[in-house]
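Taking it in order: structure first as structure tokens, then the write-up.
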Amino acid sequence: QVQLVESGGGLVQAGGSLRLSCEASGRTLSSYAVGWFRQAPGKEREFVAAISKRGAGTYYADSAQGRFTISRDNAKNTVYLQMNSLKSEDTAVYYCAAEDRTVPAVVRGEYDYWGQGTQVTVSS
């Protein structure tokens, strides 16, 4: 089993940047594909980005494409989400999640392990 802890959230002005981290413990993160999801108040949790076990494949929601970059450092057991050109609509709690498929899923139900989330607030 793997435990996930997100960090790096905070308050940023529109147009600014943040880098989120998802650190794993309990089992090596290289055994898992990892996804980032977000949930805004009153809305469903939605897919943001995902990365395959070795980082060769990355996948993005339309809302993240071109602004966000997912990456991983398996030696550090950590996955990152670099978020640039942030908008007020990016405000949400961001969660990382892990699953053992070869091709990462974009559906939340396919993920087995979740972190506790980190708040991102973008002021306009």
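Small disclaimer: the values here were computed from a predicted structure and weren't measured.
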Self-check item: Nearest heavy-atom neighbours spanning Pro104 and Tyr59
Solution: CD-CE1, 3.4 Å

Practice problem: State the CZ-OG distance between Phe47 and Ser63, to the nearest 0.5 angstrom. | Solution: 9.0 Å

Quiz item: Between Lys53 and Asp100, is there a donor-acceptor pair closer than 3.5 Å when you use the side chain of the first and the backbone of the second?
Solution: yes

Quiz prompt | Heavy-atom donor-acceptor pair, Ser124 side chain to Ser88 backbone, under 3.5 Å | solution = no

Quiz item: Of Leu81, Thr78, Val79, which is the lone residue that meets side chain to side chain contact (heavy atoms under 4.5 Å, CB included) with Ser21?
Solution: Thr78

Self-check item: Glu110 versus Ala105, closest heavy-atom pair with distance
Solution: CB-CB, 3.4 Å

Self-check item: Shared hydrophobic cluster for Tyr95 and Val34 (ILVMFWY, side-chain gaps under 4.5 Å)
Solution: no

Self-check item: Glu6 side-chain N/O to Gln116 backbone N/O, donor-acceptor pair under 3.5 Å
Solution: yes

Quiz item: CZ of Phe68 to CZ of Arg19: how many Å apart, nearest 0.5 Å?
Solution: 15.0 Å

Quiz prompt | Side-chain donor/acceptor of Ser30 to backbone N/O of Thr28, under 3.5 Å | solution = no

Exercise. Would you tell me whether Tyr32 and Arg27 have side-chain atoms, one donor and one acceptor, within less than 3.5 Å of each other?
Key: yes

Quiz item: Do Leu20 and Val120 touch side chain to side chain, with heavy atoms closer than 4.5 Å?
Solution: yes

Quiz prompt | Nearest-0.5 Å distance that lies between atom CH2 in Trp36 and atom CE in Met83 | solution = 8.0 Å

Self-check item: Charged N-O contact under 4.0 Å between Arg67 and Asp90
Solution: yes

Exercise. Is it possible for you to say whether Tyr60 and Val107 belong to one hydrophobic cluster, with membership spreading through side-chain heavy-atom contacts below 4.5 Å?
Key: no

Quiz item: Are Asn84 and Ser17 close enough that a side-chain donor and a side-chain acceptor fall under 3.5 Å?
Solution: yes

Self-check item: Over-ring placement of Arg45 relative to Phe37, 6.0 Å and 45° cut-offs
Solution: no

Practice problem: Without swapping roles, check the side chain of Ser52 against the backbone of Gly57 for a donor-acceptor pair under 3.5 Å. | Solution: yes

Exercise. Using atom types as modelled and distance alone, determine if a side-chain donor or acceptor of Thr118 lies under 3.5 Å from a backbone N or O of Gly9.
Key: yes

Quiz item: Between Ala98 and Val2, which heavy-atom pair has the shortest distance, and what is it?
Solution: CB-CG1, 4.4 Å

Self-check item: Qualifying residue for salt bridge (Lys or Arg N to Asp or Glu O under 4.0 Å) with Arg38, from Glu89, Glu46, Glu44
Solution: Glu46

Quiz item: Any link between Tyr111 and Val48 through a network of hydrophobic side chains (Ile, Leu, Val, Met, Phe, Trp, Tyr) touching at under 4.5 Å?
Solution: no

Quiz item: Mind checking whether Trp114 and Ile51 sit in one hydrophobic cluster, side chains of I, L, V, M, F, W, Y counted as touching below 4.5 Å?
Solution: no

Self-check item: Rounded distance (nearest 0.5 Å) linking atom CG of Leu18 with atom OH of Tyr94
Solution: 9.0 Å

Exercise. Flag yes if Val93 and Leu86 sit in one hydrophobic cluster, no otherwise; membership is Ile, Leu, Val, Met, Phe, Trp, Tyr, and two members link when side-chain heavy atoms are under 4.5 Å apart.
Key: no

